[in-house]
Peer 1: 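Below is the structure I would like to discuss, written out as structure tokens.
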Amino acid sequence: MTVRIVLADDQTVVRAGFRALLDLTDDLVVVAEAADGKQAVETVRLTRPDVVLMDIRMPGVDGIEAIRRIAADPDLDAVRVLVLTTYQVDAYVFEALRHGAAGFLLKDVEPDELRAAIRAVADGRSLLAPAVTRAVVEEFARLKAPEAAGRERLAVLTAREREVMALVAGGLGNEEIGAALLMSPLTAKTHVSRAMTKLGARDRAQLVVLAYETGLVRPGER
């Protein structure tokens, strides 16, 4: 499978660097570039890529708003966005995950790691080590109280789905969840998928965010 990619960054040299790197890989192809968030959304709607590498801090419409618009468009449901950032723990990264980014990469990412991340996201797999996503979300969840309507929002989940969601937020993968709850990894994956569908989460990263925002888990809990 060839993975089609859009590069969105306001720095020409950054886009050129990523393009040069990706052009060396047979199964990854850059189909378009964008210099700001507005252009990124328009380009994504036109080209329908598999993955967008999105900078956050761009003039005009920034990366977060661009991610929100992409995630809100049902026609772009299959598009996955990877955030490009300079700092691992960053309030902007938290907001990007909250609005639908599939994960984030540091701009000094190693070439092989970049290629593997793009392939993983395009294939529908979780990009980040769950503990890394948790570190970002937990850091900024400390700054805000859980949603008042959190309990009502989680009412659509079964007790088992809430258990599984809490373990996802705790940084566990499907195999670890299965071992903890005495079920197969496939059953754990099914519960995760059902929780995501019921809550309207695009991926596991958003499920982690929701677990903290609704008060299902709290910063510092293990």
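For clarity, every value in this text was computed on a predicted model and none was experimentally measured.
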Peer 1: Step by step, would you call Glu42 with Arg45 a salt bridge (charged side-chain N to carboxylate O under 4.0 Å, His left out)?
Peer 2: CA-CA 5 Å; Glu42 293 171 349; Arg45 285 175 175 156; over 6 Å; no
Peer 1: Can you check whether Asp77's main-chain N or O pairs, donor with acceptor, with Arg80's side chain at less than 3.5 Å?
Peer 2: yes
Peer 1: Indicate yes or no: at least one non-hydrogen side-chain atom of Asp36 is less than 4.5 angstrom from one of Asp10.
Peer 2: no
Peer 1: Under 3.5 Å, side chain of Arg15 to main-chain N/O of Asp9, donor-acceptor pair present?
Peer 2: yes
Peer 1: Could you tell me whether a side-chain N or O of Asp50 sits under 3.5 Å from a main-chain N or O of Arg4, the two making a donor and an acceptor?
Peer 2: yes
Peer 1: Counting neighbours of NZ on Lys38 that are heavy atoms of other residues, nucleotides or ligands and sit closer than 6.0 Å, is the number greater than 12?
Peer 2: no
Peer 1: Looking at every heavy atom in both Pro49 and Val6, which two are closest together, and how far apart are they?
Peer 2: CG-CG2, 3.6 Å
Peer 1: Dump the intermediate steps for side-chain hydrogen bond (donor to acceptor under 3.5 Å, both in side chains) on Arg115 and Thr25, then the final yes or no.
Peer 2: CA-CA 8 Å; Arg115 297 185 187 103; Thr25 311; 2.8 Å; yes
Peer 1: Do any N or O atoms from the side chain of Gln206 and from the backbone of Arg202 form a donor-acceptor pair under 3.5 angstrom?
Peer 2: yes
Peer 1: Is there a donor-acceptor pair closer than 3.5 Å between any side-chain N or O of Glu65 and the backbone N or O of Asp62?
Peer 2: no
Peer 1: Nearest 0.5 Å please: distance from the CZ atom of Arg19 over to the OG1 atom of Thr12.
Peer 2: 12.0 Å
Peer 1: If we check salt bridge (Lys or Arg N to Asp or Glu O under 4.0 Å) with Arg119, which of these qualifies: Asp27, Asp26, Asp112?
Peer 2: Asp27
Peer 1: So, applying side chain to side chain contact (heavy atoms under 4.5 Å, CB included) with Met165, which one of Val208, Val217, Leu207 is it?
Peer 2: Leu207
Peer 1: Answer yes or no: is there a donor N or O on one side and an acceptor on the other, between the side chain of Gln39 and the main chain of Ala35, under 3.5 Å?
Peer 2: yes
Peer 1: Counting N and O atoms only, with roles assigned by atom type, does the side chain of Arg162 sit under 3.5 Å from a partner on the main chain of Leu157, one being a donor and the other an acceptor?
Peer 2: yes
Peer 1: How about Lys189: does its NZ atom have over 12 heavy atoms from other parts shown lying under 6.0 Å from it?
Peer 2: no
